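Some notes on the structure that comes next.
Since the structure is predicted, the reported quantities are computational estimates derived from the model, not experimental observations. Residue numbers start at 1 and run along the sequence shown.
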Amino acid sequence: APATFTGADVYQRSFDPREYLKEFYSLSEGQPNVFLMQNLRSLHEMFSLDGLRGDTLIDVGCGPTIYQLLSACERFQEIIALDYTDQNRRELEKWLRDEAGAFDWRPVVKYVCELEGDREKWAEKEETLRRKVRRVLKCDVTAANPTGPVSLPPADCVVSTLCLEAACKDLATFRGALRNVGALLKPGGHLVLLTVLRETYYAFNQQVFSCLRLERNTVEEAVEGAGFDV
C-alpha cells in the first residue's frame with residue numbers, strides 16, 4: 001500500500017486510462033471479471049427501483065468508464081459525466097464519439113443487456129447512452145462547487161462509483177465531498193454510491209494509487225451526515 005495519499009496532480013500526470021481499462025474492465029468468456037460483474041448486477045438492481053428515474057443524472061468521477069451508466073441510461077433523459085483527470089475525459093469522449101481505437105465495451109454492454117433480459121439489444125443500448133451523455137466536464141469533489149466555474153442545474157440523481165475513496169485523503173475530506181456532491185441534487189433527489197470497503201490501495205501497470213479505508217457504517221454515517229436518508 002502507498003504510504004502517502006495519491007493527490008489529484010499525480011492522477012493528472014500519470015494515470016493511464018487505457019491501462020486502467022485493460023486491467024479492470026476486460027470481460028471475456030474464459031475470464032470472468034467477478035468484481036465488475038458484481039458491480040454491474042448491483043447497478044442493475046438499483047436502477048430497477050421504482051423511484052429511480054427522472055430527467056437528469058450526473059455521474060461524479062466517471063473516469064474513462066461507461067459501465068456505471070449502462071443501466072442508468074434507460075431511466076434518465078440526460079446524463080452529465082464529470083471527472084478530474086483530463087485524459088480520462090478524453091478517453092470517455094473517444095468512445096462517445098465512436099472513434100477508432102476507443103475501448104471496446106461490447107462484452108460489458110452485452111452482459112448488462114442480458115441482465116435486462118435481451119443480450120441482442122447491445123447496439124441499441126450503446127446508441128442510447130451515446131445520445132444521452134450531453135456533457136463531459138472537469139470536476140473536483142473537494143470543491144464546494146465541484147464543477148466550478150460551471151454551475152449545473154440540480155439533478156434528479158447523482159451516481160458516483162469508485163471515486164470518493166480514491167479522491168479523499170481522510171474521512172473529513174470524504175464527508176465534505178459527499179456534501180459537495182449532494183449539493184448537485186434537487187431536494188428529494190437520489191444518490192447512488194458504489195464504494196470499495198476496507199481497501200487501502202489499488203494498482204495496475206506497476207503503479208499504486210491510494211484508497212481511503214472505509215467501513216460500511218462509516219460510509220452510511222457520512223452519507224446521512226451529508227443530509228441523505230440511507
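- The aromatic rings of Y20 and F15 are tilted relative to each other, their planes meeting at an angle between 30° and 60°.
- Under the 3.5 Å distance criterion, with hydrogens and angles disregarded, no donor-acceptor pair is assigned to the side chains of N39 and S42.
- F47 and F76 have perpendicular rings, their planes meeting at more than 60° on a 0 to 90° scale where under 30° would count as parallel.
- For the pair T200 and C211, the minimum side-chain heavy-atom distance is 4.5 Å or more.
- Judged purely by atom type and a 3.5 angstrom limit, R75 uses its side chain to pair as donor or acceptor with the backbone of L49.
- Residues Y201 and R213 have side chains that never bring a donor and an acceptor to within less than 3.5 angstrom of each other.
- Proximity of Y67 to T161: side-chain heavy atoms (C-beta onward) are separated by under 4.5 Å at one or more points.
- A donor atom on one side chain and an acceptor atom on the other are found under 3.5 Å apart for Q207 and S14.
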With salt bridge (Lys or Arg N to Asp or Glu O under 4.0 Å) as the test, would you mind laying out the steps for E116 and K121 before giving the verdict? CA-CA 9 Å; E116 291 174 1; K121 286 199 161 161; over 6 Å; no
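- Looking at every heavy atom in both residues, V196 comes nearest to E165 through N-OE2, 2.9 Å.
- Of all the heavy atoms in Y25 and T65, the pair that sits closest is CE1-CG2, 3.6 Å.
- Between the side chains of Q68 and D59, at least one donor N or O lies within less than 3.5 Å of an accepting N or O.
- Between P154 and L185 there is no side-chain heavy-atom pair separated by less than 4.5 Å.
- For the atom pair L43 CG and L115 CG, the distance stands at 10.0 Å (nearest 0.5 Å).
- Taking the ring centre of Y84 as origin, the terminal cationic atom of K138 falls inside the region bounded by 6.0 Å and 45° from the ring axis.
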Going through the checks in order, is the salt bridge (Lys or Arg N to Asp or Glu O under 4.0 Å) test met by R89 and E93? CA-CA 6 Å; R89 296 196 311 280; E93 285 171 329; over 6 Å; no
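- Follow the hydrophobic side-chain contacts under 4.5 Å out from I66 and you reach L36 in the same cluster.
- Atoms OG1 and CG, on T56 and L152 in that order, are 9.5 Å from each other to the nearest 0.5 Å.
- Remark: the backbone N or O of C113 is not paired with any side-chain donor or acceptor of D118 at under 3.5 angstrom.
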Residues L162, T195; criterion side chain to side chain contact (heavy atoms under 4.5 Å, CB included); working and verdict: CA-CA 5 Å; L162 314 181; T195 305; over 6 Å; no
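- Between the CG atom of D229 and the CG atom of L191 there is a distance of 11.5 Å, given to the nearest 0.5 Å.
- The cluster map of Ile, Leu, Val, Met, Phe, Trp and Tyr, joined by side-chain heavy atoms under 4.5 Å apart, puts V133 and L57 in the same cluster.
- Ring planes of F103 and W105: perpendicular class, angle over 60° (limits at 30 and 60°).
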Working note: R53 + E74, criterion salt bridge (Lys or Arg N to Asp or Glu O under 4.0 Å); need CA distance, chi angles, decisive distance, verdict. CA-CA 9 Å; R53 54 174 68 244; E74 306 295 342; over 6 Å; no
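- When atom types are taken as modelled, the side chain of R198 and the backbone of L214 share no donor-acceptor pair closer than 3.5 angstrom.
- With rounding to the nearest 0.5 Å, the separation of CG in L96 from CD in E126 is 10.5 Å.
- Note on L193 and M46: separate hydrophobic clusters, where clusters join Ile, Leu, Val, Met, Phe, Trp and Tyr whose side-chain heavy atoms are under 4.5 Å apart, directly or indirectly.
- R106 and D104 are joined by a salt bridge, as a carboxylate oxygen and a charged side-chain nitrogen come within less than 4.0 angstrom of each other.
- Remark: side-chain polar atoms of N180 are paired, donor with acceptor, to backbone N or O of V141 under 3.5 angstrom.
- The cluster map of Ile, Leu, Val, Met, Phe, Trp and Tyr, joined by side-chain heavy atoms under 4.5 Å apart, puts V136 and L70 in the same cluster.
- Taking every heavy atom of both residues into account, Y11 and A166 meet most closely at OH-CB, 3.6 Å.
- Put simply, the side chain of T6 gets close to the backbone of S210: a donor and an acceptor are under 3.5 Å apart.
- Taking the side chain as every heavy atom from C-beta outward, I80 and L137 approach each other to under 4.5 Å.
- T147 places a side-chain N or O within 3.5 Å of a backbone atom of V150 that can act as its donor or acceptor partner.
- Here the closest non-hydrogen pair linking A81 and L92 is CB-CD2, 3.8 Å.
- Counting heavy-atom neighbours within 6.0 Å of K186 NZ, excluding the residue itself, gives a total above 12.
- Between the side chain of Q12 and the backbone N or O of D86 there is at least one donor-acceptor pair closer than 3.5 Å.
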Set out, in order, the CA-CA distance, both residues' side-chain angles and the distance that settles side chain to side chain contact (heavy atoms under 4.5 Å, CB included) for N88 and C62, then state yes or no. CA-CA 8 Å; N88 281 348; C62 57; over 6 Å; no
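- Salt bridge status for E127 with R130: absent, with no side-chain N to carboxylate O gap under 4.0 Å.
- Interatomic distance, CG of L21 versus CZ of R18, reported as 6.5 Å (0.5 Å rounding).
- In summary, R41 and E45 do not engage in a salt bridge, as defined by a charged side-chain N under 4.0 Å from a carboxylate O.
- Between the side chain of D156 and the main chain of G189, no donor-acceptor pair closer than 3.5 Å is present.
- Between E78 and R135, none of the side-chain N atoms (NZ, or NE/NH1/NH2) sits under 4.0 Å from a carboxylate O, so this pair counts as no salt bridge.
- In this structure, G61 and C139 approach most closely via the heavy-atom pair N-SG, 4.5 Å.
- Across every non-hydrogen atom of F204 and D16, the tightest pair is CE1-O, 3.7 Å.
- Atoms CD and CD, on E114 and E120 in that order, are 9.5 Å from each other to the nearest 0.5 Å.
- A donor-acceptor pair under 3.5 Å links the side-chain atoms of S160 to the main chain of V60, judged by distance alone.
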Step by step, work out the side chain to side chain contact (heavy atoms under 4.5 Å, CB included) result for V112 and S71. CA-CA 7 Å; V112 173; S71 295; 3.7 Å; yes
Worked verdict on T218 versus F174 for side chain to side chain contact (heavy atoms under 4.5 Å, CB included): CA-CA 10 Å; T218 318; F174 181 76; over 6 Å; no
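- Using a 4.5 Å heavy-atom threshold, the side chains of C157 and I58 count as separate.
- Clustering ILVMFWY residues whenever any of their side-chain heavy atoms sit less than 4.5 angstrom apart, transitively, puts F35 in the very cluster that holds Y111.
- S151 places no side-chain N or O within 3.5 Å of a backbone atom of G148 that could act as its donor or acceptor partner.
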